Amino acid sequence: MLSLLKLAPICKVKLALRVLPLHQCVHRPFSAVANSIALTLDDFENKNKAADFNVLFRSCKSVDVAKRLHAFLVVLGKAQNIILSAKLVNLYAFLGDVAFSRSTFDQIQRKDVFTWNSMVAAYVRSSRCREALNCFNEFLSTSDLRPDFYSFPPVLKACPNLIDGKKLHCWVVKTGFEQDVFVAASLIHLYSRFGALDDAHKLFVEMPVRDVGSWNAMISGFCQNGSAAEALDVLNSMKIEGLKMDTITVSSLLPVCAQSGDMTSGMLIHLYVIKHGLETDVFVSNALINMYSKFGSLWNAQKVFDDMKVRDLVSWNSIIAAYEQNNDPITALGFFKDMQLIGIQSDLLTVVSLASIFGQLSNKKNSRSIHGFVMRHEWLDKDVVIGNSLVNMYAKLGDMDCARIVFEQLPVKDIISWNTLITGYAQNGLACEAIDAYNMMTRCSNIIPNQGTWVSILPAYSHVGALQQGMKIHGRLIKNCLYLDVYVNTCLIDMYGKCGRLDDAMSLFYEVSRETPVPWNAIISCHGIHGHGEDALKLFKDMLAEGVMPDHVTFVSLLSACSHSGLVDEGQRCFDVMQREYKIRPSLKHYGCMVDLLGRAAYLDKAYNLVTNMPVQPDASIWGALLGACRIHGNVELGKYASDRLFEVDSENVGYYVLLSNMYANVGKWEGVVKVRSLARDRGLRKTPGWSSIVVGSKVEVFYTGNQTHPKCMEIYEELSILTARMKNIGYVPDYSFVLQDVEDDEKEQILMSHSERLAMAFGIISTPPRSLIRLFKNLRVCSDCHNATKYISKITQREIVVRDSNRFHHFKDGFCSCGDYW
DNA sequence: GTAGGGTTAG
């Protein structure tokens with residue numbers, strides 16, 4: 001056995017190292033393996049066959065194997081060898097165990113520059129920058145040795161800021177190491193890392209000799225600062241000098257192609273990759289997957305992934321994120337399961353994707369497991385991104401209480417944390433909470449709002465009709481000369497439109513860039529909710545004339561605009577054009593608009609046919625639209641059918657019970673009304689609280705239905721009593737079918753009177769000068785009885801009253817409403 | 001005997 005191993009090739013030793021139990025390496029030192037290693041060592045020390053020994057080091061693919069080799073070196077008395085000991089420090093760092101590197105390092109009695117360099121580099125490799133710098137300082141203060149040009153690249157990499165970087169740079173210049181290509185590349189990288197691209201470029205230009213690494217350092221510097229054009233310029237000069245892109249050039253460039261939307265350059269680089277066989281590099285393939293994912297080209301991303309021979313965690317994270325970010329959480333989840341199956345451990349970024357996947361899937365159970373997983377690993381303290389993704393996950397599940405709890409627990413909150421919270425509130429219809437959160441954020445001095453903040457707070461302001469606050473933001477953006485992207489501008493257009501300033505919305509619309517459908521959709525929608533269907537159609541024509549491609553949102557805005565204005569033929573034409581010319585498959589939202597459009601215009605049969613022939617399963621909004629139409633046109637039979645279907649899919653929305661009750665009442669079927677009431681009572685309804693807001697002075701006042709805590713409560717109810725009496729004198733008859741509670745008529749009258757829109761209106765009347773205009777906002781659709789009452793109130797008080805509900809604007813004047821009771 | 005420049009995020 002011994003003699004066999006003596007002559008055996010190095011691979012037998014490698015095998016033995018992998019399978020030998022550790023204690024055998026320590027306690028039976030002169031085994032065959034030890035002898036064989038001893039022989040290899042002899043060769044190594046005699047400089048004859050050093051290559052064999054390097055092979056041995058390289059073959060250590062895990063800390064365990066490294067420990068066995070280490071144990072043999074100890075018993076062979078070679079652990080203090082100046083080269084071997086430093087190699088062990090390196091080896092442990094490569095295998096990800098910097099603690100072992102350090103303990104090995106500490107045991108080395110005689111340390112030379114190589115030893116110290118190895119330890120500093122080991123820390124840098126493990127992203128322990130502070131320890132790396134401490135170690136470097138220890139090196140300077142405890143030894144008589146001077147750093148060499150190998151010392152600087154790792155130290156420059158660990159440098160935490162530009163000031164220290166500049167000091168190091170001076171030192172490098174003094175020692176003359178600036179001429180070294182490795183050191184120079186590190187300096188270029190350092191300057192770019194802190195955004196000092198001019199300094200980086202100056203260094204680069206002044207270099208007497210440049211290798212591919214130097215070019216790469218400059219290109220990646222521009223890339224990481226998002227300067228795609230400059231990066232491509234440098235690339236061109238590099239080509240002119242006859243140098244070829246390598247895997248590092250390519251993997252620096254691909255992300256900026258994605259960022260700047262330059263698909264052509266991205267695909268050209270992919271062709272280059274294929275031609276030069278660079279796709280075997282994991283970094284390159286990973287970067288390609290990410291680029292294609294950002295372009296929404298999942299087929300290409302998948303192809304690259306499938307063709308990979310070796311995949312790492314980043315590859316899996318990338319393909320999971322690709323599907324997750326392109327709205328295919330199911331496939332993304334499939335990849336996650338495959339990844340688990342082959343035993344790859346998730347990291348933080350995997351979990352970020354998973355949180356988004358379960359949020360998209362509304363999977364509460366798995367979402368909680370993800371939360372638990374994060375807590376067990378204490379990742380909430382490790383990185384703010386993971387916490388933000390949990391806040392976002394709960395917001396998507398509609399569970400803002402949990403979202404808030406996670407948010408409060410974040411040890412560090414950045415601007416994204418705040419934006420996520422604000423958006424979460426706003427998108428769950430909790431505009432007031434969104435505004436509160438925004439106000440809290442403005443009190444944090446270290447948080448600077450960004451585009452994302454405006455995009456989340458402006459819709460909240462539009463939602464409650466806080467025009468003045470919205471204008472304050474607009475003013476702030478103009479004053480600070482902030483560049484407004486198309487989304488912020490669109491939010492402003494939407495805000496002005498929804499706060500009743502259609503003219504301001506239009507003038508802003510004509511000022512902004514209109515190359516994408518985004519601002520068009522907003523302005524079309526604004527005209528729709530104002531009941532200006534013809535104008536909405538005209539804008540759509542203008543949009544096509546300017547060569548802007550409509551998307552699915554355009555048609556939702558357009559169809560609902562037609563619906564609000566009773567433009568049946570035009571609506572049907574749009575629905576047809578959308579599918580035929582623009583190949584947009586109708587979503588539930590489009591079908592909802594169509595059912596609404598046809599139903600309200602009394603084409604109940606057509607609406608019913610559409611619902612039954614839809615290729616997608618109708619949801620509550622579809623049946624609700626049909627029920628609403630049946631109520632208007634008194635079709636009890638179809639209404640009953642629609643409500644039965646409706647309660648199968650959503651039995652908890654109190655609004656639908658009100659509709660049904662009102663439908664029975666309108667045709668005098670009182671037993672139906674009673675039945676609906678008891679049904680609603682039995683089911684213990686979850687009621688969406690109705691609220692209305694009004695701006696008086698600069699203050700937004702919010703009234704909930706039945707509110708009795710307002711400081712002016714007494715005066716409000718008194719005003720309402722007086723108004724009700726006067727309304728009755730000129731013909732107002734309360735419609736009790738909107739009251740689901742089973743109580744006496746006078747109590748029902750009280751309930752109607754305490755509807756939030758009436759409280760807000762009465763407050764407006766007593767708080768503003770006579771005959772001035774009143775603007776109200778209601779979170780739900782305005783109730784029919786309140787609509788009717790408002791007509792009378794506008795006549796009695798001789799005021800214009802503008803009510804914006806969740807659906808559209810109602811402009812009351814002199815006893816009439818602009819919607820012509822068609823809403 | 002060591003070192004530079006690269007891929008994934010809410």
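Protein chains get the first letters and strands the later ones, always in sequence-line order, with residue 1 at the start of each. Just so it is clear, the model here is predicted, and its values are computed rather than measured.
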**Q** Just to be sure I understand the rule, does A:V183 reach a base, reach only the sugar-phosphate, or reach nothing, if contact means heavy atoms closer than 4.0 Å?
**A**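 Nothing, no nucleic acid heavy atom in range.
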**Q** With no hydrogens and no angle check, do the side chains of A:H169 and A:E178 hold a donor and an acceptor under 3.5 Å apart?
**A**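 Result is yes, a qualifying pair exists.
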**Q** When all nucleic acid strands are considered with a 4.0 Å heavy-atom cut-off, which category describes A:F152: base, sugar-phosphate, or nothing?
**A**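 No contact at all - A:F152 keeps every heavy atom at 4.0 Å or more from the nucleic acid.
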**Q** Regarding A:S214, tell me which of base, sugar-phosphate or nothing describes its non-hydrogen contacts under 4.0 Å with the strands shown.
**A**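 Result for A:S214 = base.
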**Q** Kindly say if A:K111 contacts the phosphate of B:dT2, meaning a side-chain N or O under 4.0 Å from OP1 or OP2.
**A** no
**Q** When you measure from the side chain of A:N117, which nucleotide among B:dT2, B:dA9, B:dG4 comes out closest?
**A**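 Of all the options, the side chain of A:N117 is nearest to B:dT2.
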**Q** Just checking A:V391: base, sugar-phosphate only, or nothing, at a heavy-atom cut-off of under 4.0 Å?
**A** nothing
**Q** What does A:R125 touch in the nucleic acid at a heavy-atom separation under 4.0 angstrom: a base, only the sugar-phosphate, or nothing?
**A**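 It contacts sugar-phosphate atoms only.
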**Q** Which of these, A:R311, A:K309, A:K303, sits in a salt bridge (charged side-chain N to carboxylate O under 4.0 Å, His left out) with A:D307?
**A**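 That would be A:K303; it is the only one of A:R311, A:K309, A:K303 passing the salt bridge (charged side-chain N to carboxylate O under 4.0 Å, His left out) with A:D307.
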**Q** Output yes if the stacking criterion (under 5.5 Å between centres, under 30° between planes) is met for A:Y150 over the base of B:dA3, else no.
**A**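 Check failed, A:Y150 does not stack on base of B:dA3.
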**Q** How is A:V181 classified with respect to the nucleic acid when contacts are heavy atoms under 4.0 Å: base, sugar-phosphate, or nothing?
**A**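 Touches a base.
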**Q** Describe the nucleic acid contact of A:D112 in one word from base, sugar-phosphate, nothing, applying a heavy-atom distance below 4.0 Å.
**A** base
**Q** Counting side-chain heavy atoms from CB outward, which of B:dG6, B:dA3, B:dT7 is closest to A:D180?
**A** B:dA3
**Q** Counting any heavy atom closer than 4.0 Å, what does A:N317 reach on the DNA or RNA strands: base, sugar-phosphate only, or nothing?
**A** base
**Q** Determine whether the aromatic ring centres of A:W116 and A:F136 lie less than 6.0 Å apart.
**A** no
**Q** Look at the side chain of A:N286 against the base of B:dG6 and say whether a donor-acceptor pair falls under 3.5 Å; ignore hydrogens and angles.
**A** no
**Q** Name the closest nucleotide to the A:S251 side chain, picking from B:dG5, B:dG6, B:dG4.
**A** B:dG6
**Q** For A:K157 and B:dG4, is the shortest distance between a side-chain N/O and OP1 or OP2 below 4.0 Å?
**A** yes
**Q** Could you check how far CG of A:N90 sits from P of B:dA3, rounded to whole Å?
**A**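 Nearest whole value for this atom pair: 6 Å.
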**Q** Base, sugar-phosphate or nothing for A:D414? Non-hydrogen atoms, less than 4.0 Å.
**A**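 Since a base atom lies under 4.0 Å of A:D414, the category is base.
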**Q** Return the nearest nucleotide to the side chain of A:A217; candidates are B:dG6, B:dG5, B:dT8.
**A**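 Taking heavy atoms from C-beta onward, the closest nucleotide is B:dG5.
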**Q** CZ of A:F194: more than 12 outside heavy atoms within 6.0 angstrom?
**A** yes
**Q** Just N and O in the side chain of A:Q224: are any of them under 4.0 Å from OP1 or OP2 of B:dT7?
**A** yes
**Q** Please classify the nucleic acid contact of A:V212 as base, sugar-phosphate, or nothing, using heavy-atom distances under 4.0 Å.
**A**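 Base, at least one base heavy atom under 4.0 Å.
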**Q** Checking contacts here: which listed nucleotide (B:dG5, B:dT8, B:dG4) is nearest the side-chain heavy atoms of A:D246?
**A** B:dG5
**Q** When the distance from CZ of A:F182 to P of B:dG5 is rounded to whole Å, what number comes out?
**A** 10 Å
**Q** Using only side-chain N and O atoms of A:H189, determine if any of them is under 4.0 Å from OP1 or OP2 of B:dG5.
**A** yes
**Q** Which part of the nucleic acid, if any, lies within contact of A:D281, taking any heavy atom under 4.0 Å across all strands shown: a base, the sugar-phosphate backbone alone, or nothing?
**A** base
**Q** Considering every strand and a 4.0 Å limit on heavy-atom distances, what is the contact class for A:S118: base, sugar-phosphate, or nothing?
**A**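 No contact at all - A:S118 keeps every heavy atom at 4.0 Å or more from the nucleic acid.
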**Q** Does any donor atom in the side chain of A:T453 or A:N450 lie under 3.5 Å from an acceptor atom in the other side chain?
**A** yes
**Q** Search all heavy atoms of A:Y92 against all heavy atoms of A:S101 and return the closest pair with its distance.
**A**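 Shortest heavy-atom separation between A:Y92 and A:S101 comes out as CB-OG, 3.3 Å.
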**Q** Does A:S220 put a side-chain nitrogen or oxygen below 4.0 Å from OP1 or OP2 of B:dG6?
**A**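 Answer yes for this pair, as a side-chain N or O of A:S220 is under 4.0 Å from OP1 or OP2.
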**Q** Assign A:N290 to base, sugar-phosphate, or nothing according to its heavy-atom contacts below 4.0 angstrom with the strands shown.
**A** sugar-phosphate
**Q** Please tell me whether A:S103 and A:Q107 have a donor and an acceptor in their side chains that are separated by less than 3.5 angstrom.
**A**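 No, no side-chain donor-acceptor contact under 3.5 Å.
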**Q** Report which part of the nucleic acid A:K396 touches: base, sugar-phosphate, or nothing (heavy-atom distance under 4.0 Å, all strands).
**A** nothing
**Q** Kindly point out which of B:dT2, B:dA9, B:dG4 is positioned nearest to the side chain of A:D211?
**A**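 Between B:dT2, B:dA9, B:dG4, the one nearest the side chain of A:D211 would be B:dG4.
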